[in-house]
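This report concerns only the one structure given below.
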Amino acid sequence: MFRIEHFVVEGLHCPKCIREIEGTLGENDKIKNARVNLSTQRLAVEWKEAVEDTLQNSEEVISALEKIGFKAFPFKTTNAQLEGDKVGKSLLKAMAVAGFAAANVMLLSVAVWDGGEMNESTRSLMHWVSALIVLPAATYAGMPFYKSAWNALKGRRLNMDVPISLAVILTCGMSLFQTYLKATETYYDAAVMLLFFLLIGRFLDQKMRNHARSVAHNLMSYKESKATLLHEDGHTEEIATEMLVPNQIIQVIPGGKIPADGTVISGMSDIDTSLVTGETVPQKAEKDTEVFAGTINVNGTLNIKITSTTGNTLLDEIIELMETAEQGRAKYVRLADRAASIYAPLVHFLAAATFLGWLLFSNVGWQGSLINAIAVLIITCPCALGLAVPVVQVVASSRLFKSGILVKAADGLERLAEVDTVIFDKTGTLTLGQPELANADDENVTPFNLELAAKLAKTSSHPLCRALIVACHDRDIPTIATESEIHEEPGMGLKATVNNITVKLGNREWCGINQNYLPNNRYSELWLKAEGAKPVLFCFKDRMREDALDVVHWFLRRQLKVILLSGDRKDVVDEAAEELGLSRYKYECKPQEKIEIIERIKASGDKVLMIGDGINDAPALSAANVSISPSTAAEVSQNAADFIFQSQKLDSVVRAYQVSLNSRKLVFINFALAAIYNMIAVPFAAAGLLTPLIAAIAMSLSSIVVTANALRLNFQKLYRSHEG
Amino acid sequence: MESLIYLIPAALFLGLIGLAGFMWSLRSNQYEDLEGATYRALFEEDDIEEEQKEKSNTKG
C-alpha cells in the first residue's frame, strides 16, 4: 500500500524552488514521487512502500528541506478539506456539462428562431434533438440546486434554490410538452443557460471558500507541535504534543512555547504570558511556579512536570467558554436567503395569478394558461439574483486577499458591514507584543549608559536585550559586544568586566537593588549596575502598532464606538487608552468578562466587531457578531475569527471594513437591477408576449450587468495608513 | 435539409470530444496547481537529469 504525506512549505514562490525541492527529494530512495504545488504552497510526498514510523520519515523530509533552505511543516488533511475539494470538482463537472449543453442547444435554437424556410418536421427534429441533449444535462447539472432546494423545503424554509429548481424543472417539462404537441416555441436553451450561469456563480463561491479554508489551514500548520521529553536517565526525546501525559517531565528551551500546563521542577526563567492573559510584563518562573500551555519561555531552560494535558488545560476551559459563546450567537441569515424569502413567494404568486388570469378571462384553455404561467417563472428566475451575491463576494475576497486579508467566513463580509461598535484587545492587536524603550528621557538613560549596556546585551537573545540594541540603533549609538567574557545567568542577567569594572545587566535581584528603590509594576525592567556607579533603570513597554492611532481615529471619525478591552494591568491600559484618545476602556478583563461586556452591547441592539489575538480573546471573538485576528494570533483565536490579516499594520482592519461596506452597497444595487429587470419583463411574460429569443437575451443580459457591476469593486480606493 | 442528418451528429460528436477532454483533464488533476504549471512548462527535462547526475557525482 502506498501512502502520500503532505507538507506545508514556507517561502515557496519561484520555479527554482520547485526544482530544488523535487530534485533533492528525488534522490531519496524511499520516495517514489515528490510533487510541489505552488498554488497551495504544499508538497506531496509519495513513499515507495508503506512506511511504519511516519514521524521519523516526516522528519527526514523536513530536515532534507531544511538543508536547502526551506522550512516545512507536516500537514494533516482534514475531512472538511477533502469534502470541499470534492464539492468544487463536482461543481466544475456540472458546469462543463451545462456549458456543453447550452452551446449545442443554442446552435439548434438559433436555427429554429431564424428558420423562415424550416418546415414543421425539421423544427420538430430540432426540438427532439434539443430535448435529448437538455434533459440529461439539466438532470445532472441541476443536481446541486435540486438537492439544496429539497433540503430547504424539508426544513420548511425557502432559499434561492427553490425558485431556481422550480423554474428549471417546469421549463424542461413545458418544453417537452410543446415538443410533443409540435408547437413552435420551446425553452430548452433557457433552462441550460440558466444552469450554466448559476453554476459559474456557485463555483466561484465554492472556490473562494476552499481557498480561504486552505490558507487558514496552512497558517495552522506553521505552528510547532513538538515537545522535548526528559527521561529519568537524562536523555531527551522529541515527541508530538498530543502524546504527552501528566507526570511526564518536559524540557522547554528559551524562546520555546510551553506545550502543556505544569509545574516547574527546576530552572529559572521569565514567562511571557501575553498570548494567554494579555499581560505584557513577563512573569518570573522558578521551582514550583505553575505554568500554562501556550505561554512562552523567554530565557533560561525550564524543566516542567506536566499536571494536565489536552482535555483539561486552561486552553480547554477557554474553548469551552468559546463554544458556549458561539451557541448564544444568533444565527445570521445571509442576504441572498433574506432576498429569496421575499422574492420566492412573490414570484410564485405572480405565476399563479397569471395562470388564473388566463384561465378565467381568456379562451386559451388550461394548457395555454399554464404555458404563460411558466413563462413568468422562466423570466423571473433569479439568474441575476443567484449571481448578485456570489460574484460580489468573490471579487471582494480576492481584492482583500491581495491586500493581506483572508476572509475565512463566507458571510463575514455581510456581517462586518453592519457593525457599529469596534472592540480592540490591546496586547498583540493594538500593540505588536514587542518591547520598546520607554524611559529614554530619563536623565540616567544617557548615551554612555546605553552604550555600556549594549556591550553586554549584544550577545543575548533575551527580548529586552534585543529591544535595548534596537533603541541604540535608533539613536546611532554603537553596539559592539565587549571582548571580555560574558557570563549569562538564566532568568537573572548578564555579567562582564569592562575596563576592569564589573558590570551587571539584568533584573533587580541580579543587580542587587532594593525593592523600594524606584518601584515599578508597570513596565518590564532591565537594570544596569556598574561597580561604583548609580544603578540605571531601563523601562520597556509594549510597542504600539505604527498606525494604531490612525486606525482608531478612522473608526471614531465615522461615528463608530471604539472600546478597548484588555487583560493587562490598569496602569498600562490607562496609558494606552490615553495615547489613543479612547474614553471607553476596561483593564484586567477575564475572558468571561469580555464575553459579558459584548453580550451587553449586543443586547442593546448594537453589532460588535471584535479584534483580538490572545487565547483569552478567543471566547470574545466567538461571541461578537464578527471578528478579526492578526496572523500572529493564537491558534484558537484564528479558528474563531472571521478574518485574518497578515501585516505588521492595523490598517487592514479598515480596508476590510471599507470593502465590506462597498460590497453590501453593490449587492443591493444588484438586487435593485434584478428588480428593475423583472418589473419590465414580467408584464410581457404575463401577457404571453414572451418569445424564447427574448428570454435568452434578457437572461444573459441581466447576468452580464450584475457581474460588471460587481467588478466595480476593484476600482474602490482603499485606506492606507501613511508610511513610516 | 437532409444534410442535418449527419451535420447534427457531427456537431454533437465534436462537442462531446471537448467535454470528454475537459473531464479527463479534471480527473487527472490538471487544475490542482495552475500557478506551478506555468513554470513547469519552461523546465527542460534534460537539464533536470543532468543536474541530478552532477549532484550524485559530486556526492560520490
Side-chain angles (χ1 to χ4, degrees), chain A residues 12-27 35-44 68 85 88-108 111 115 117-119 121-123 125-126 128-130 132-133 137 140-141 203 207 214, chain B:
Chain A
L12 256 187
H13 54 85
C14 62
K16 233 183 117 206
C17 308
I18 304 184
R19 280 177 62 168
E20 268 180 37
I21 292 176
E22 289 180 359
T24 310
L25 293 178
E27 287 166 24
R35 196 165 170 94
V36 172
N37 186 327
L38 207 58
S39 315
T40 55
Q41 305 271 300
R42 286 182 210 144
L43 164 75
I68 52 172
D85 289 349
K89 261 192 179 175
S90 69
L91 278 176
L92 206 55
K93 275 188 216 161
M95 199 168 97
V97 169
F100 159 80
N104 282 286
V105 169
M106 199 49 87
L107 213 68
L108 302 171
E117 298 164 27
M118 197 178 278
N119 60 29
S121 59
T122 313
R123 191 170 59 224
L125 171 74
M126 296 290 219
W128 279 115
V129 174
S130 299
L132 205 68
I133 301 169
Y140 176 74
F203 173 69
K207 200 178 153 180
S214 132
Chain B
M1 286 294 162
E2 287 75 28
S3 55
L4 285 178
I5 301 296
Y6 56 87
L7 279 180
I8 291 177
L12 284 181
F13 178 67
L14 289 174
L16 276 174
I17 290 181
L19 185 63
F22 177 79
M23 289 296 182
W24 166 76
S25 65
L26 189 65
R27 197 155 298 166
S28 54
N29 293 336
Q30 297 189 29
Y31 294 90
E32 296 281 282
D33 182 16
L34 296 175
E35 234 173 284
T38 55
Y39 294 120
R40 281 177 201 276
L42 300 174
F43 292 174
E44 299 277 354
E45 298 274 323
D46 306 345
D47 283 2
I48 296 175
E49 274 169 28
E50 247 168 58
E51 244 171 51
Q52 278 180 1
K53 254 183 224 160
E54 263 170 42
K55 262 189 197 167
S56 49
N57 282 346
T58 48
K59 257 187 195 170

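Note that these values count all heavy atoms, side chains included, but never hydrogens, waters or copies made by symmetry. Order of the sequence lines fixes the chain letters, A, B, ..., with proteins taken first and strands second; residue numbering starts at 1 for each chain.
- Smallest separation of non-hydrogen atoms from A:N104 and B:G15: ND2-CA, 4.5 Å.
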inquiry  = Let's go through B:R40 and A:V36 carefully: what are the C-alpha distance in whole Å and the side-chain angles of both, what is the deciding distance for side chain to side chain contact (heavy atoms under 4.5 Å, CB included) to 0.1 Å, and is it a yes or a no?
reply    = CA-CA 11 Å; B:R40 281 177 201 276; A:V36 172; 4.2 Å; yes

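- Interface remark: A:L92 contributes backbone and side-chain atoms alike to the contact with chain B (heavy atom separation under 4.5 Å).
- B:I8 touches chain A through its side chain: at least one heavy atom from C-beta onward sits under 4.5 Å away, while N, CA, C and O do not.
- Salt-bridge annotation for A:R35 and B:E32: absent, with no side-chain N of the basic residue lying under 4.0 Å from a carboxylate O of the acidic one.
- Using a 4.5 Å cut-off between heavy atoms, B:L19 contacts chain A through its side chain alone, with no backbone atom that close.
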key: Chi angles and distances behind the ring-ring contact (aromatic ring centres under 6.0 Å, His included) call for B:F22, B:Y31   = CA-CA 10 Å; B:F22 177 79; B:Y31 294 90; 5.7 Å; yes

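- A:N37 touches chain B through backbone and side chain together, each having a heavy atom under 4.5 Å away.
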